[in-house]
**Q** 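Please see the structure below; I have some questions.
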Amino acid sequence: MINKGINLISLLVLVLIFCSACKETPSMDLTQESIIPIPISVLPTYASFELNANTQISIENSNIKPLANYLSDLLHPATGFKLAIVSKDNAKRKGNITLSLNANDSILGNEGYQLEIDKKNIQITANKHAGLLYGIQTLRQLLPVNIEHDSVNHLNTYIASGSIRDFPKYKHRGAMLDVARHFFGVEDVKRYIDLLACYKMNVLHLHLADDQGWRIEIKTWPKLTEIGGSTQVGGGEGGFYTQEQYQEIVAYAEERYITIIPEIDMPGHTNAALASYAELNCNDKATKLYTGTHVGFSSLCIHKDITYQFVDDVVREIAAITPGKYFHLGGDESHSTKHSDFIYFINKTIKIIEKYGKIPVGWDEISHANIAENTVIQYWSNDKNAKKGLSKGAKVIMSPAAYAYLDMKYNSTTVLGLDWAGLIEVDKAYQWNPDTMIQEINTKQIAGIESPLWSETVTNIDEIEYLVFPRLPGYAEIAWSQDSLRNWDSYKLRLAKHGERFEAMEIDYYKSPKVDW
Ligand code: TNX
């Protein structure tokens, strides 16, 4: 009798367990999700996967562990789940998110991914680690916006089933941050990096020196930061990164597959250096620190040997702590350097950059110098310069000021920002094509795009966010997605959905009237 009772109870328990496991998940349409940048192909299967506390992240190789941690950390705050990370051999048959590098799919390239979602499992496959990260970012956008909250909230954790296949249009998908006009600390830069990572960007160009401030420690020239780093636009305190702090930024970016490109702007835009060391000036007199916003008044002394000792030390020290391939030498608006001197200086500096194993990058003005095929030109305003660079075989990064400058005002009432290149509403920021921006340009020579945030008018991270959002996701889509998939009418609907994400992430964004938020 007792035995029978126990058997009945265990049967009941078994039935209950079975039923909870076979519970039907809702039917969901993957094509209705708002993914930015828009992927190459999205095929729905009208079911869903339930993410819950028992979901495991399965990896086949320990070198994928950092990405598994990234995913687990991303999902933790809002769900409260601390997902177990297990090796593929120990994974359960159901309820896994598997990260695997077995794509063996040449079309996906170094950054593409394949995301397969069914009722039982999720699988992200790529050729390289970066592709897995981008698959994770897409998966993140398939979860409800509440996933971005930093505390546990009751969110529905069903993910629409189907498959997504995706890879980028351009190799170079970047943004620039000017930390010279106003200084931003390590935590602010990390936040900027996290925001770029959400949208699959892979380059952060740091504008580390300008007239108003020198922001990176150079051990052989300590006064650059002692004096040159001591102020900023408006006369505030300024600041600088020690080499250790810079390396911390580089490592943080690297974990998100973002390359840091350091820029030391020369031979103009150098007042902070000229104020720090008298010997860098032709008259041997240090200049005064500068806290205004004019450009084009400073120049290194072109025909002094000490100038090239300085350039050599700066490039050597920064190159040694920069794993990325590039060193940006600026070269813009050198209005107080004679043209022949400018060319002489750029030619010498390019050689120094190459000596330390880096690929030189410069604003489009450097096309006038003896640039070689490996040089990268950053186009910002002058078509003739860009064409000259291209005719010499250089690659070009597209940063057309009238479309891609994050420091331009949105409209005439925007308080922050400048307007010398025009107003850039969110639709204008989205509706341009790098391939046709300059006549007769050969698409193959375009490395990609970069949207620069100059910081004359921005003083803190909230102000940065206001100018960057919501334009940045549009730049990311221009850089990542195929032209045939891009159009404003579809994009503005997806962007509207991302507004809620911005709020969940506490991003201070501009609520453009062009978008139905
Ligand atoms: C032009 S774009 C500059 C910067 C300013 C910016 C302001 C470029 C290469 N140089 O020095 O900060 O305009 O929008």
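Ligands are counted one by one from 1 in listed order, and the atoms in each one are counted from 1 as well.
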**Q** Under a 4.0 angstrom heavy-atom cut-off, which atoms of ligand 1 come close to M408?
**A**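 Atoms satisfying the 4.0 Å criterion: 14 (O).
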**Q** Taking only residues two or more places apart in sequence or in another chain, which ones pass side-chain contact (heavy atoms from CB on, under 4.5 Å) with P168?
**A**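 P168 satisfies side-chain contact (heavy atoms from CB on, under 4.5 Å) with E111, R173, W480 only.
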**Q** Distance from M437 atom CE to Y403 atom OH, nearest 0.5 Å?
**A** 4.5 Å
**Q** Above 12 or not: heavy atoms from other molecules or residues under 6.0 Å from NE2 of H294?
**A** no
**Q** So does K304 pair up with D284, basic N to acidic O under 4.0 Å?
**A** yes
**Q** List every atom of ligand 1 that sits less than 4.0 Å from any heavy atom of H269, numbering the atoms from 1 in the order shown and giving each element.
**A** 11 (O)
**Q** Looking only at protein heavy atoms, identify the closest one to atom 5 (C) of ligand 1 and say how far it is in Å.
**A**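 Here the nearest protein heavy atom works out to E456 OE2, 3.3 Å.
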**Q** Pairs of nitrogen or oxygen atoms closer than 3.5 Å, one from D407 and one from ligand 1: do any exist?
**A** yes
**Q** Taking atom OH of Y113 and atom CD of Q137, what is their separation to the nearest 0.5 Å?
**A**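 Here the interatomic distance stands at 9.5 Å.
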**Q** Provide the number and element of each atom of ligand 1 under 4.0 Å from a heavy atom of W363.
**A**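 That gives atoms 9 (C) of ligand 1.
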**Q** Among protein heavy atoms, which sits nearest to atom 11 (O) of ligand 1, and what does the distance come to when rounded to 0.1 Å?
**A** R181 NH2, 3.0 Å
**Q** With the threshold set at 4.0 Å, does a side-chain nitrogen-carboxylate oxygen contact exist between K492 and D516?
**A**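 Salt bridge between K492 and D516, a charged N being under 4.0 Å from a carboxylate O: no.
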**Q** Would you call R256 and E254 a salt bridge, taking side-chain N to carboxylate O under 4.0 Å as the test?
**A** no
**Q** Kindly write out the residues that satisfy side-chain hydrogen bond (donor to acceptor under 3.5 Å, both in side chains) with D419, not counting sequence neighbours, or none if the list is empty.
**A** none
**Q** Is W420 close to ligand 1, meaning an N/O of one under 3.5 Å from an N/O of the other?
**A**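 So ligand 1 has an N or O lying under 3.5 Å from an N or O of W420.
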**Q** Could an N or O of ligand 1 be found under 3.5 Å from any N or O of D210, whether backbone or side chain?
**A**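 No, D210 has no N/O under 3.5 Å of an N/O on ligand 1.
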**Q** I'd like to check which ligand 1 atoms, numbered from 1 as shown, lie under 4.0 Å from a non-hydrogen atom of L418.
**A** 7 (C), 14 (O)
**Q** Regarding D194 and R191, does a basic nitrogen lie under 4.0 Å from an acidic carboxylate oxygen?
**A** no
**Q** Among all protein heavy atoms, pick out the one at the shortest distance from atom 2 (S) of ligand 1; state its residue, atom name and that distance to 0.1 Å.
**A** Y405 OH, 2.5 Å
**Q** Looking only at protein heavy atoms, which one is nearest to atom 3 (C) of ligand 1, and how far off is it?
**A** E333 OE1, 3.3 Å
**Q** List the closest protein heavy-atom neighbour of atom 9 (C) of ligand 1: residue, atom name, distance to the nearest 0.1 Å.
**A** D332 OD2, 3.1 Å
**Q** Report yes if D178 has an N/O atom closer than 3.5 Å to an N/O atom of ligand 1; otherwise report no.
**A** no
